[in-house]
Amino acid sequence: MSGLQETYTGRIEFVVLDVDNSAHDAKRAELGSTAQAQYFLVNADGATVGRWFGVLNDAGIRAELDNLLQS
């Protein structure tokens, strides 16, 4: 994930919501996060436009991020 963060610095904000940190519970509930290793792509309007579980495929995620930036 850190490679993606470096690539998109200044264009996409990455937020980590630690399942073990109760301070993140409200945001996780808002997104509908139910488990660890869950990822959400949220646009500037706050709408969830992508959701993944488990191990990320960097090429696929990069394509989704690039599409988001073009919209």
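Only this structure's heavy atoms are used, side chains among them; waters, hydrogens and symmetry mates stay out. Please read these numbers as outputs of a predicted model, since none were measured by experiment.
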Colleague: Taking the side chain as every heavy atom from C-beta outward, state whether Asp66 and Tyr8 have any pair of such atoms under 4.5 Å apart.
Modeller: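 In contact.
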Colleague: Carefully, step by step, assess Val42 and Val15 under the rule side-chain contact (heavy atoms from CB on, under 4.5 Å).
Modeller: CA-CA 10 Å; Val42 179; Val15 177; over 6 Å; no
Colleague: Has the side chain of Thr7 got a donor or acceptor atom that lies under 3.5 Å from a matching backbone atom of Gly3?
Modeller: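 Yes, the answer is positive, given that a donor and an acceptor are paired below the 3.5 Å cut-off.
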Colleague: Mind checking the CG-CD spacing from Asp18 to Gln36? Nearest 0.5 Å is all I need.
Modeller: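 So the gap between those two atoms works out to 8.0 Å.
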Colleague: With hydrophobic residues grouped by side-chain heavy-atom distances under 4.5 Å, do Leu68 and Phe40 end up in a single group?
Modeller: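 Looking at the clustering, Phe40 is in a separate group from Leu68.
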Colleague: Indicate the atoms forming the closest heavy-atom contact of Leu17 with Lys27, along with that distance.
Modeller: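 What the structure gives for the nearest pair is CD1-CG, 3.5 Å.
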Colleague: Does the Asp45 side chain pair with the main chain of Ala47, one donor and one acceptor, at a distance under 3.5 Å?
Modeller: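 Answer holds: no.
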Colleague: Quick check: is Val19 connected to Phe53 through a chain of hydrophobic side chains (ILVMFWY, heavy atoms under 4.5 Å apart)?
Modeller: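 Phe53 and Val19: separate clusters.
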Colleague: May I ask you to test the Leu65-Phe14 pair for a side-chain heavy-atom distance under 4.5 Å?
Modeller: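 A side-chain contact under 4.5 Å exists here.
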Colleague: Spell out, as yes or no, whether a donor-acceptor pair under 3.5 Å connects the side chain of Glu64 to the backbone of Gly60.
Modeller: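 No.
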Colleague: Is Tyr39 reachable from Ile12 through a run of I, L, V, M, F, W or Y residues, each pair having side-chain heavy atoms under 4.5 Å apart?
Modeller: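 Yes.
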Colleague: Within the structure provided, determine whether Leu41 and Thr48 are in side-chain contact (heavy-atom separation under 4.5 Å).
Modeller: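 Side-chain contact under 4.5 Å: no.
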Colleague: Applying the 4.5 Å side-chain criterion to the ILVMFWY set and letting contacts propagate, would Leu69 and Leu4 be lumped into a single cluster?
Modeller: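 Both belong to a single hydrophobic cluster.
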Colleague: What's the shortest heavy-atom distance between Thr34 and Arg51, and which atoms?
Modeller: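 That would be OG1-NH2, 4.5 Å.
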